Amino acid sequence: MLCHDSRVIDPVADLHAALTSAVVGLTGGDVPQIGLERPGNPEHGDYATSVAMRLAPLLDKPPREIAQELATIVEGFPAIASVEVAGPGFLNLRLSDDWYRGALTAMLTAGSDFGRHAPVAGVETLVEFVSANPTGDLTIGSARNAAYGDCVSRLLDFAGQTVTREYYFNDAGNQINLFGQSVRARRLGEEIPEGGYPGAEIVEVANALDLPDDAPLDDWTTQGVAVMIERIRSGLERMRVTFDLWTSEQTLHSSGAVTAAIDRARSEGHVFEQDDATWLRTTTFGDDKDRVLLKADGETTYFAADLAYIDLKFKRGATRAIYVLGADHHGYIQRLKAGAVCLGLDAEAVEVLIYQLVTVSGERMGKRRGNVIILDELTEAIGVDAARYFLVERSHDQMLDIDLDLAVETSSKNPVFYVQYAHARCQSILRKAAEEGLEVAGVGPTHVPEGPERTLVRRLAEWPDIAATAADLRAPHRIVSWVHELAADFHAFHHDLHVLHEDAGTRAFRLSTVRATGEALTRGLGLIGVNAPDRM
RNA sequence: GCGCCCGUAGCUCAGGGGAUAGAGCAAGAGACUUCUAAUCUCGAGGCCGCAGGUUCGAAUCCUGCCGGGCGCACCA
């Protein structure tokens, strides 16, 4: 596990801390990285550490000898039932009943906050995502952006950061002009212009507008954008993705922010004139080529607005600006970072997350390919829960193929049902316990035998580390994997053990485990925006 | 040509320095008098793309190659 902040309630971190104190006892201060992990092989204990091997060069002693000395110290800890030196110098730890009961009590006490980090002062993270131009409905690619960006936001929030979610939309320039012309053409029954937008949604937008046929193009454009933005917003909301801020590119121009940003970069000495255009010397800071800010015709480029927008993000108080972009935009990373430095900002505070492209049943989607799959179609076809689950099931670094035939299938092949069903089962047991008056308060003093109960509690105790690591790595798919493993452990537990046992002590521990599992599934699924139903 | 991502079981993938590399699906064999069998159990399946290097230890880190995807605008 990684060593995370100890302000989180975390039974495993407590173990880590105990081990650290033992190491300090040996070295007198120096502490190497202490790896503490759950071995795959049960013979290697509940947890194992390789710290003795890392300590060997430091103390100039054989690893097994160091492991033996550590074992003697650690053996006395109440959380530890037994210690064993194994292999080249591993320390295999077996946890005591005490630890299992304590861990379960701790997670039930923390409830939905188990694993949540206390607010970190001075960290204001701005996550800008989706940001698709309002010239059409959101495609499957934007759906991945929405799901991924939203999950990253939830993860960072859970990790104690103050998160603001922002949608930036382009409502100026050529593409938007074409959009406005397309809307008007659709309404008047004329041919859409060359390079215009042929999508069916343009017709719907056109028909929603209350404009006379001879209204100026600007009106068609402005009102068309407003309607399109609302379509996008409500679609995202149905997908449980909401934003704190909607920022228009137009306002950056009209407020003078774009001009101000160019002036600022100029005063920092990074602007130059060439071929009648105004350029930003981004190559000074690692970009492939310099970028134009003002074209020869005097128009600003999209990048000029980007520059103003970066400036705005930090002026509003963000300490970190995260961008979520598709792989086809990876070339923007250096450009954005270099742009920030040209404004006197810190490149490290600009973080660009790239997700790989999405295909549907093996085919790449494109607005000009005529085979577009829209976000709304996806959620209607397979439901919001399944859509969100599948969209973040794989690493964002990995290409994603959504097999619509498979995704539509509502069988046990579908992992989201498997996980949700585990939660429904938990609730079912808890309902029955309540109905029959079999509820018991607390974890109880019972001995916890080796078996599914211990396996399940160990899994549950991983949560704070899983959540913190997923946030650090911006990797919501780790939450998905974990939740699936938890469901599997629970199904096995449920199959092997009768929870509403006649012995009150046994019942107390098992009921507590079921409660903790139900909460963990709700919490974990919540971080990926998937519901945990009480009945199925 | 340059840059980013990927290459692990038949398929889709997990695995961010540790012991015998994991999961789902597919294919095979079993388990329902039960708090939901929408479940569980067991077996089979692998030059971790190739070659070097770092390390006590590499699927993991470094370098080079091979293969696939995506980019490289005074477009947005």
Side-chain angles (χ1 to χ4, degrees), chain A residues 2 33 35 37 39-41 43-44 48-50 53-54 56-57 62-63 86-90 92 132-133 135 170 172-176 178 195 249 274-279 288-289 291-303 305-306 326-334 352 354-357 359 364 393-401 403 406 410-415 417-418 420-422 424-433 435-436 438 469 472-473 475 477-478 480-482 484-485 487-488 490-501 510-511 514 535-536:
Chain A
L2 300 177
Q33 202 192 351
E37 57 197 40
N41 186 341
E43 285 176 22
H44 295 152
T49 178
S50 60
M53 283 170 310
R54 290 174 191 279
F90 288 101
N92 295 338
N133 289 347
T135 53
N170 167 245
N174 286 338
Q175 296 304 314
I176 286 296
L178 281 169
E249 183 195 354
Q274 187 181 304
D275 302 332
D276 296 326
T278 301
W279 299 67
D288 290 349
K289 49 192 75 169
R291 305 293 167 178
V292 172
L293 295 171
L294 293 172
K295 298 188 241 179
D297 63 9
E299 292 287 307
T300 52
T301 58
Y302 196 78
F303 181 65
D306 283 342
D328 51 341
H329 288 76
H330 78 259
Y332 282 59
I333 301 175
Q334 280 314 112
V352 184
I354 298 293
Y355 61 92
Q356 296 300 308
L357 296 183
T359 54
R364 198 186 154 188
E393 191 186 15
R394 306 299 180 209
S395 162
H396 63 280
D397 278 338
Q398 191 74 240
M399 283 196 291
L400 181 70
D401 183 57
D403 183 336
L406 182 72
T410 53
S411 73
S412 62
K413 285 182 193 172
N414 192 340
F417 290 136
Y418 181 81
Q420 288 183 317
Y421 180 53
R425 271 186 153 173
C426 288
Q427 295 310 309
S428 169
I429 293 170
L430 295 173
R431 272 195 304 273
K432 178 153 185 175
E435 281 162 17
E436 302 190 2
L438 293 171
T469 304
D472 284 350
L473 302 179
H477 73 280
R478 286 180 175 240
V480 177
S481 303
W482 183 80
H484 193 269
E485 285 167 356
F490 176 74
H491 284 308
F493 164 94
H494 179 273
H495 188 265
D496 288 357
L497 303 174
H498 193 71
V499 175
L500 303 179
H501 197 269
R510 291 181 182 173
L511 268 171
V514 172
R535 294 171 205 270
M536 290 179 75

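All values reported here derive from a predicted model rather than from experimental measurement. In what follows, chains carry the letters A, B, and so on, assigned in the order in which the sequence lines appear, proteins first and then strands, with residues in each chain numbered from 1.
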Whole-Å distance separating the [atom1] atom of [X] from the [atom2] atom of [N]:
| X | N | atom1 | atom2 | value |
| --- | --- | --- | --- | --- |
| A:Tyr355 | B:C70 | OH | P | 15 Å |
| A:Glu485 | B:C13 | CD | C1' | 13 Å |
| A:Leu357 | B:G71 | CG | C1' | 10 Å |
| A:His44 | B:G18 | NE2 | P | 15 Å |
| A:Arg291 | B:C72 | CZ | C1' | 8 Å |
| A:Asp397 | B:G69 | CG | C1' | 13 Å |
| A:Glu37 | B:G17 | CD | P | 10 Å |
| A:Arg478 | B:G16 | CZ | P | 5 Å |

Quick one: does A:Ser428's side chain get under 4.5 Å of A:Arg431's, heavy atoms only?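 Side-chain contact under 4.5 Å: yes.
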Taking C-beta and beyond as the side chain, do A:Tyr355 and A:Leu400 meet within less than 4.5 Å on heavy atoms?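 Contact flag for A:Tyr355/A:Leu400 side chains = no.
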[X], nearest nucleotide to its side chain (from [options]):
| X | options | result |
| --- | --- | --- |
| A:Lys289 | B:G15, B:C72, B:C70 | B:C72 |
| A:His477 | B:U39, B:G18, B:A14 | B:A14 |
| A:Asp328 | B:G18, B:C70, B:G69 | B:C70 |
| A:Ala327 | B:A19, B:C70, B:C6 | B:C70 |
| A:Met536 | B:A19, B:C56, B:A38 | B:A38 |
| A:Gln356 | B:G69, B:A19, B:A31 | B:G69 |
| A:Ala492 | B:G17, B:U41, B:G24 | B:U41 |
| A:Phe90 | B:U20, B:U39, B:A19 | B:A19 |
| A:Arg394 | B:G17, B:U12, B:U39 | B:U12 |
| A:Gln398 | B:C13, B:G18, B:C40 | B:C13 |

[atom1] gap between [N] and [M], integer Å:
| N | M | atom1 | value |
| --- | --- | --- | --- |
| B:G45 | B:C50 | C1' | 24 Å |
| B:C13 | B:G17 | C1' | 22 Å |
| B:A21 | B:G46 | C1' | 9 Å |
| B:C47 | B:A59 | C1' | 13 Å |

Examine distances only and state if a side-chain atom of [X] and a backbone atom of [Y] form a donor-acceptor pair shorter than 3.5 Å.
| X | Y | value |
| --- | --- | --- |
| A:Asp275 | A:Ala277 | no |
| A:Ser50 | A:Phe90 | no |
| A:Arg510 | A:His498 | yes |

With both distances under 3.5 angstrom, what nucleotide forms a Watson-Crick or G-U wobble pair with [N]?
| N | result |
| --- | --- |
| B:C65 | B:G49 |
| B:A37 | none |
| B:G28 | B:C42 |
| B:A21 | none |
| B:C70 | B:G3 |

Taking only N and O in the side chain of A:Tyr418, is any of them less than 4.0 Å away from OP1 or OP2 of B:A23?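 For B:A23, OP1/OP2 do not have a side-chain N/O of A:Tyr418 under 4.0 Å.
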Is any side-chain N of the basic residue among A:Lys432 and A:Glu436 closer than 4.0 Å to the acidic one's carboxylate O?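 Result for this pair is yes, salt bridge flagged.
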